[in-house]
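Single-structure report; data block below.
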Amino acid sequence: MTAADGRTDTGGGTAGGRPRTGSGAGGGGAAANDTVAAVVRQWRAVRPDIDTGPMEIIGRINRCAALLQQAEDAPLRRVGLSRPEFDVLGTLRRTGHELTPGEIARETFSSGAAVTKRLKQLTERGLVERRGDARDRRVAHVRLTDAGRELVDGILPEQLSYESAVLSGLDGEGQGELAGLLGELLVQLEGRLGVPRG
């Protein structure tokens, strides 16, 4: 997965040892001059025997994710929220009921320790509140406060508008095609990893 952040995997593992398919550096024959295309050309120069096709897809997904994380989310930053914190709030809002920290961890694909830290910060800000389970003291139930619900409802339209601007370089058809392909990949990956889908 060398192309994601500029680091190289000297083992060439992303290629999987398969023979080259002859696809262009832009993937699917498209002319591309992005950073991943440059990395692919370098690999082909030193290892012309390997198929770099997987790198052209996975590398671009990883690179896009890294750039989006670096850019952060302007509306969220304005209200002092990180994307993981907003994911916790959004999860509680869209499910519409209390959740345990473990359920939040599964919904947000996060570790228990990370969720605990986020809940502590959100509780201190008065955006969520916890209550103990009457039958099991080890279990906590988390819900949005009125302030948390108002914040999510207020920021969501602005956040979606920001994300639309990020994707504005693709027309509606291109966005739909990309969403469909990513959806197919996600279903396959979740199936392999045993991730439950709602």
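Residue numbers run from 1 in the order of the sequence given.
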For this session: Can you see which heavy atom on A140 is nearest to which on P101, and at what distance?
Result: O-CD, 3.4 Å
Exercise. With no hydrogens and no angle check, is any side-chain donor or acceptor of T52 less than 3.5 Å from a backbone partner on M55?
Worked result: no
Exercise. Given the rule that I, L, V, M, F, W and Y join up when any side-chain heavy atoms are under 4.5 Å apart, are L181 and L186 in one cluster?
Worked result: no
Exercise. Is L178 reachable from L189 through a run of I, L, V, M, F, W or Y residues, each pair having side-chain heavy atoms under 4.5 Å apart?
Worked result: yes
Exercise. Which residues satisfy the salt bridge (charged side-chain N to carboxylate O under 4.0 Å, His left out) test with E129, sequence neighbours excluded?
Worked result: R143
For this session: Supply the atom-to-atom distance Q121 CD to T116 OG1, rounded to the nearest 0.5 angstrom.
Result: 11.0 Å
Seminar exercise, completed: Across all chains, not counting sequence neighbours, the salt bridge (charged side-chain N to carboxylate O under 4.0 Å, His left out) partners of E107 are R94
Problem set entry | Worked verdict on L119 versus R130 for side-chain contact (heavy atoms from CB on, under 4.5 Å) | CA-CA 9 Å; L119 289 177; R130 305 168 62 131; 3.8 Å; yes
Problem set entry | Test applied, side chain to side chain contact (heavy atoms under 4.5 Å, CB included); reference residue, V128; option that passes from L144, L99, I104 | L144
For this session: Scan for salt bridge (Lys or Arg N to Asp or Glu O under 4.0 Å) pairs involving residues 110-128, sequence neighbours excluded, and state none if there are none.
Result: K120-E124
For this session: Tell me, please, which residues at least two apart from T108 pass side chain to side chain donor-acceptor pair (under 3.5 Å).
Result: S110
Problem set entry | Side chain to side chain, H141 and T100, heavy atoms closer than 4.5 Å | yes
Problem set entry | I155 side chain reached by L89 side chain, heavy atoms, under 4.5 Å | no
Exercise. Who are the side chain to side chain donor-acceptor pair (under 3.5 Å) partners of R77, not counting sequence neighbours?
Worked result: E72
Problem set entry | Residues E56, R44; criterion salt bridge (charged side-chain N to carboxylate O under 4.0 Å, His left out); working and verdict | CA-CA 12 Å; E56 296 176 36; R44 286 181 175 169; 3.0 Å; yes
For this session: Please list, chain by chain and in numerical order, all residues satisfying side chain to side chain donor-acceptor pair (under 3.5 Å) with Q159, sequence neighbours excluded.
Result: D73, E163
Problem set entry | Heavy-atom pair with the smallest gap, counting every atom of A37 and D34 | N-OD1, 2.7 Å
Exercise. Looking only at heavy atoms, what is the nearest atom pair of V115 and A105, with distance?
Worked result: CG2-CA, 3.7 Å
Exercise. Between S161 (side chain) and P157 (backbone), is there a donor-acceptor pair under 3.5 Å?
Worked result: no
Seminar exercise, completed: Sorted by chain and number, sequence neighbours left out, side chain to side chain contact (heavy atoms under 4.5 Å, CB included) with A147 holds for L127, T145
Exercise. Would you say L151 and L76 are hydrophobically clustered, going by side-chain heavy atoms of ILVMFWY under 4.5 Å?
Worked result: yes
Exercise. What residues, two or more places apart in sequence or in another chain, satisfy side chain to side chain contact (heavy atoms under 4.5 Å, CB included) together with L167?
Worked result: Q175
Exercise. Can you list the residues that meet the side chain to side chain donor-acceptor pair (under 3.5 Å) rule with E177, with sequence neighbours excluded?
Worked result: none
Exercise. Do L122 and L81 come close enough that some side-chain heavy atom pair is under 4.5 Å?
Worked result: yes
For this session: Apply salt bridge (charged side-chain N to carboxylate O under 4.0 Å, His left out) to E158 and list each qualifying residue two or more places apart in sequence or on a separate chain.
Result: R78
Exercise. Can you name the residues that form a side chain to side chain contact (heavy atoms under 4.5 Å, CB included) with D153, not counting sequence neighbours?
Worked result: R93, R149
Exercise. Applying the 4.5 Å side-chain criterion to the ILVMFWY set and letting contacts propagate, would V79 and L160 be lumped into a single cluster?
Worked result: yes
Problem set entry | Partner set under side chain to side chain contact (heavy atoms under 4.5 Å, CB included) for I57, not counting sequence neighbours | I61
Exercise. Should L156 and V166 be counted in the same cluster of Ile, Leu, Val, Met, Phe, Trp and Tyr side chains packed under 4.5 Å apart?
Worked result: no
